Amino acid sequence: MSQTKPTASDLAQAEASKGLDRRRFLNSAALAGVAGVGLAACNDKPASAPAAASAPPAAGSATAAAASTAVSTQAGLHPKPGELDVYYGLWSGGHTGDVRVLGFPSGRELLRIPCFVPDALVGWGITNESKAVMGTKPDGSLRYTVGDTHHVHASYKDGDYDGRYAWVNDKINSRIARMRLDYFVCDKITELPNVQGFHGIFPDKRDPVDPAINHTTRVFCGGEFHVPLPNNGQDLDKPENYRAMMTCVDAESMEVRWQVLIDGNCDLLATSYDGKLAATNQYNTEGGVKFADMMSAEKDACLFYNIARIEQAVKDGKFKTYGDSKVPVVDGTKKSNTDPKTALTAYVPVPKNPHGVNASPDGKYFICSGKLSPTGTVIELQKVLDWFDGKLDDVAKAVVADVEIGLGPLHTAFDGRGNAFTTLFLDSQVVKWNIEAAIKFAAGDKNAKYVVDRLDVHYQPGHLNASQSETKNADGKWLAVGCKFSKDRFLPVGPLHPENEQIIDISGEKMILTGDHSVRGEPHDFIIFKRELLRPKQVYNIDDFPNATKDATSGGITRNGKQVTVKMTSQAPSFSMTEFRFKKGDIVTLHLTNLDKVEDLTHGFAIPKHNVNFIVNPQETKSVTFVCDKPGVYWCYCTHFCHALHLEMRSRMIVEA
Ligand SMILES: [Cu+2]
């Protein structure tokens with residue numbers, strides 16, 4: 001049971017009794033890299049102390065003690081055998097290049113969706129169909145075999161997820177992948193031109209102009225690293241000419257619609273519920289290429305994009321193109337956008353090197369975190385729109401609060417009851433704070449108690465998200481926190497530790513830590529949403545595959561010189577052909593249709609010594625192409641357990657010399 005696990009306070013007490021303040025040690029280590037370059041506060045204080053001297057007394061400063069006796073008020077934390085979770089979670093996998101599907105609140109991993117990196121379970125990067133999605137070189141080999149996924153977001157309708165698509169970024173090769181949420185597969189990947197280090201990603205929630213379009217039609221992509229334009233060998237030593245861009249991709253076609261040239265490096269992205277605004281939190285507005293240069297300015301920006309104006313500028317031909325790319329690029333740099341009446345962008349100043357920007361579910365605010373400043377910055381969207389309309393003289397006035405919340409604030413989630421939850425990387429805490437109280441405090445009401453609660457997490461949290469948090473229907477039930485270091489929370493397994501995804505009950509006033517879950521590195525961002533928003537299909541439609549073989553007798557082998565095509569089927573416990581014969585040097589394309597219609601009856605197909613292994617799900621067809629370069633007998637066998645006679649499910653491939 002969850003309440004019998006050691007709690008945060010147990011751990012803190014154990015640490016104290018051992019005279020070993022691991023948390024402070026971690027803080028020191030985490031800070032070492034930025035010492036002397038302008039960190040806004042020091043951390044020589046006990047872990048449970050309020051974050052900053054000038055912050056109001058934290059109602060939750062004794063939270064850890066309370067948590068040791070508190071019990072989760074929510075049923076169903078760990079579903080009993082046979083019970084289903086009530087939420088789906090979509091987790092980015094980091095440099096495993098995949099997306100993980102979790103059941104929530106159990107935290108059970110249900111599936112990994114390979115996107116950018118080959119996957120041996122399903123044959124992603126082996127089958128012709130997956131290679132076509134991933135992209136190949138002229139010789140047919142994969143263009144890339146590495147990826148780095150950070151942020152997963154799903155398509156919207158009426159301000160909530162509609163169950164059509166999810167998208168994920170690849171930071172290494174600046175690619176965006178789309179997943180169909182009916183079959184939980186990646187169906188398209190687009191490589192973005194002109195950018196490097198594509199990081200933040202967010203779909204729009206409705207059209208900025210057409211009120212009839214109240215669903216996602218665009219996906220915005222933040223470019224982090226600034227590079228020469230075009231990046232073809234010119235301007236190598238002229239970093240003043242390097243630039244980053246924000247990119248708009250069409251949600252349906254996955255074509256790149258347009259890009260915006262900007263100052264600074266994009267981190268995360270948020271979109272407004274009215275469709276009018278997108279924003280990226282910008283660090284390195286200095287344009288530095290060295291560590292200290294990137295942190296010299298006291299303020300960076302939350303950069304707002306006026307979507308309707310950008311698209312009008314593209315229509316009016318007010319754009320450039322770079323290098324071989326035909327994508328229109330409009331000028332969103334600060335110096336070209338000083339007149340609010342024509343500006344495409346607005347740079348709202350926020351404390352230096354911000355991390356994270358998140359939209360509140362009431363549609364009113366974007367919240368940026370300070371990272372190097374112990375503050376959360378609340379930006380009122382109506383005021384940003386007022387600036388674009390010439391009704392606000394200074395866009396900096398759109399900041400309605402910039403309040404101290406703790407050390408190393410990164411990302412923010414919401415409970416739909418006016419509270420924000422922000423990860424504090426250096427404090428190893430989540431802080432719960434009330435947005436309207438923070439605005440009152442910032443306006444001068446020093447009695448406004450905006451910090452509601454603090455909870456120790458283990459350790460060094462990065463992303464967090466709450467159930468339904470990034471929709472209008474934030475339900476304030478569960479919070480998941482991606483802790484970057486697990487240290488002593490799990491059995492040691494050598495030098496590579498798992499990460500610790502912690503689950504917190506946020507249904508009450510105080511947060512209650514209810515679960516530790518080890519995860520393979522290295523998830524970043526994730527979303528959690530109600531299971532009824534998806535309509536998954538468990539059996540394919542055979543007619544969706546033009547190369548399907550629809551019955552066991554209609555397949556066969558056709559030869560055209562050295563090109564050989566095999567069409568065969570699987571039906572437990574046998575393949576339609578028990579034997580096929582080739583000659584050395586043949587180039588074989590084999591199409592396999594799984595005729596089984598029974599849910600959960602997947603087959604595999606492996607050919608020894610030919611680097612072939614893939615699965616076919618019920619009524620699915622896949623193909624592989626390989627060269628028969630070694631005479632001999634090869635037993636092709638089913639790799640995915642299907643039947644009592646699974647071991648006998650084989651075909652003999654004979655390659656003649
Ligand atoms: Cu089988």
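This one's a predicted model, so the numbers in the text were calculated from it and none came from an experiment. Throughout, residue positions are numbered sequentially from 1 according to the sequence presented. Read the numbers this way: they start at 1 and go in the same order the structure lists the ligands and their atoms.
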Quiz item: From the Cu ion (ligand 1) out to just under 2.8 Å, does an N/O/S atom of His640 turn up?
Solution: no
Practice problem: Return the name of the atom in His603, of element N, O or S, nearest to the Cu ion (ligand 1). | Solution: ND1
Quiz item: Taking both backbone and side chain into account, is any N, O or S atom of Met649 nearer than 2.8 Å to the Cu ion (ligand 1)?
Solution: yes
Self-check item: N, O or S of Cys638 under 2.8 Å from the Cu ion (ligand 1)
Solution: yes
Practice problem: Taking the six-membered ring for Trp and the single ring otherwise, decide whether the centroids of His463 and His150 are under 6.0 Å apart. | Solution: no
Exercise. May I ask you to check whether Tyr144 and Phe116 place their ring centres under 6.0 Å from each other?
Key: no
Practice problem: Take the angle between the ring planes of Phe605 and Phe614 and call it parallel below 30°, perpendicular above 60°, tilted in between. | Solution: tilted
Quiz item: Within 45° of the six-membered ring axis of Trp635 and under 6.0 Å from that ring's centre, is NZ or CZ of Arg650 located there?
Solution: yes
